[in-house]
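Counting starts at 1 for both ligands and their atoms, in listed order.
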Amino acid sequence: MPFLSDSLSRVKPSPSIAITTLAGELRAAGRDVIGLSAGEPDFDTPDNIKAAAIKAIEEGKTKYTAPDGIIELKRAICDKFQRDNGLSYTPEQVSVGTGGKQILYNALMATLNPGDEVIIPAPYWVSYPDMVRLAGGTPVIVEGQLETGFKITAEQLEQAITPRTKWLIFNSPSNPTGAGYRADELKALTDVLMRHPQVWVMTDDMYEHLVFGDFTFCTPAEIEPGLYERTLTCNGVSKAYAMTGWRIGYAAGPKELIAAMRKVQSQSTSNPCSISQWATVEALEGPQDYIETSKEAFVRRRDLVVDMLNQIDGVTCPVPDGAFYVYPSIKGLIGRTSPAGTAISDDEAFAKALLAEADVAVVHGAAFGLSPNFRVSYAASDDTLREACRRIQSFCASLR
Ligand SMILES: Cc1ncc(COP(=O)(O)O)c(C=O)c1O
């Protein structure tokens, strides 16, 4: 009898966490490695949010809470959805979890049976397919291409739907590409979903506030109110307020689904950290100027990185609409050889050689389901990004 579970055998560890850990080890061994593999803002959590956490500790708000969140936070989340997305929810329709990741995981655990299919547009956030597998479902990958701005079309979605399709996981702006669906593009997808009442939408709006230029964020239940009863709108404070370590994510949707997710959470983590919940009340209800300040920095960094990567012969780097990632294609480099003799046969070989020979850590495209590409997280200082792009430029120029 195997000791480890069958469901675990279907899952691989997060590649971005693995590369970030390796970069940390190399740095500890004295190498001057620049890490652009982690998906977290390099800014500190705003002071008003930290102060709210300290106040919560001093006031003794340090005990268990309701499994899926304190009422004060649920009310703040309802206000946020109304204010930012025009969506009306009551606190019973809201779930708070230990990060956006746990929210998505709870929803999949609460709903998937063996054989249930979940449509995941690629390139996707690394965790979606593995979370689906862990919950016993089957990921169905639909590829967006460089030529379509990394977005899927209505026709592709229509073709992927079967009677066993339970969810579409939708993420815009996307990790890893930063691509965002405009209202008309999203409407084309929701029109398809309206014809298939068995399909629910899990929308991961984690990068809602990190959108640039004339791009306007939109979310499925807002674009198609007919989907409200079968949409779980997920979000969190990790990226928007530089709170990755606080571990708070949240979602709103139909009461029955929220109750089922509560059951999963009550038998796993019990409740998200009480102190972080109070800090999140302040994040959502307090001054919002951090969002604009961080956005300015991210636009500047995006432009710097896109510009420097596009100067490389063999690399094509599209301009993303949001988030803090770029996802350049290295099609023109495949088949070359590095100075140390590594054959650049695919994007994984490229990322490994870049780390080994040029001390820059990025994540290879295969991890996100679309190759040959790599993901750069530009949540780093301008100077660090400039130096990293210089190293990538000279590494690519050295390939023969
Ligand atoms: C698209 C997307 N969804 C969810 C998450 C998870 O966020 P959290 O740190 O709140 O669990 C991430 C984090 O990288 C992400 O990129």
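Remark: ligand 1 atoms within the under-4.0 Å shell around heavy atoms of Ser238 are 8 (P), 9 (O), 10 (O). Ligand 1 places these atoms under 4.0 Å from at least one heavy atom of Lys239: 12 (C), 13 (C), 14 (O), 16 (O). Interface atoms of ligand 1 facing Gly99, defined by a heavy-atom separation under 4.0 Å, are 10 (O), 11 (O).
Under a 4.0 angstrom heavy-atom cut-off, Asn171 registers as being in contact with ligand 1. Close to ligand 1: Tyr128, with a non-hydrogen atom less than 4.0 angstrom away.
A salt bridge does not link Glu58 to Lys55: none of the charged nitrogens lies less than 4.0 Å from a carboxylate oxygen. Arg83 has no carboxylate O lying under 4.0 Å from a charged side-chain N of Asp79, or vice versa, which leaves the two without a salt bridge. For Lys295 and Glu292, the salt-bridge test passes: some basic side-chain N is under 4.0 Å from an acidic carboxylate O. Between Asp191 and Lys187 there is a salt bridge, with a side-chain nitrogen of the basic residue lying less than 4.0 Å from a carboxylate oxygen of the acidic one.
What sits closest to atom 1 (C) of ligand 1 on the protein, heavy atoms only, is Asp204 OD2, 3.3 Å. Among all protein heavy atoms, the one lying closest to atom 6 (C) of ligand 1 is Trp125 CH2, 3.6 Å.
Here Arg247 has side-chain heavy atoms under 4.0 Å from ligand 1, and that is the only part of it that gets that close. Only the side chain of Met206 comes within contact range of ligand 1, with a heavy atom under 4.0 Å; no backbone atom does.
Residues Ala367 and Val363 come closest through the heavy atom pair CB-CG1, 4.0 Å.
Across Phe217, Tyr325, Phe212, a single residue satisfies ring pair (Phe, Tyr, Trp, His ring centres under 6.0 Å) together with Tyr207, and that is Tyr325.
The shortest N or O to N or O distance between Leu104 and ligand 1 is not below 3.5 Å. Checked by distance only, ligand 1 and Thr244 stay at 3.5 Å or farther apart across all their nitrogen or oxygen atoms. Inclusion of Thr98 in the set of residues having an N or O under 3.5 Å from an N or O of ligand 1 is not warranted. Of the polar atoms of Gln102, none of the N or O atoms is found under 3.5 Å from an N or O of ligand 1, judged by distance alone.
Neither side chain, Asn85 nor Thr219, offers a donor N or O lying under 3.5 Å from an acceptor on the other. Between the side chains of Thr162 and Glu117, at least one donor N or O lies within less than 3.5 Å of an accepting N or O.
Side-chain contact check for Met202 versus Val118: every heavy-atom pair is 4.5 Å or farther apart.
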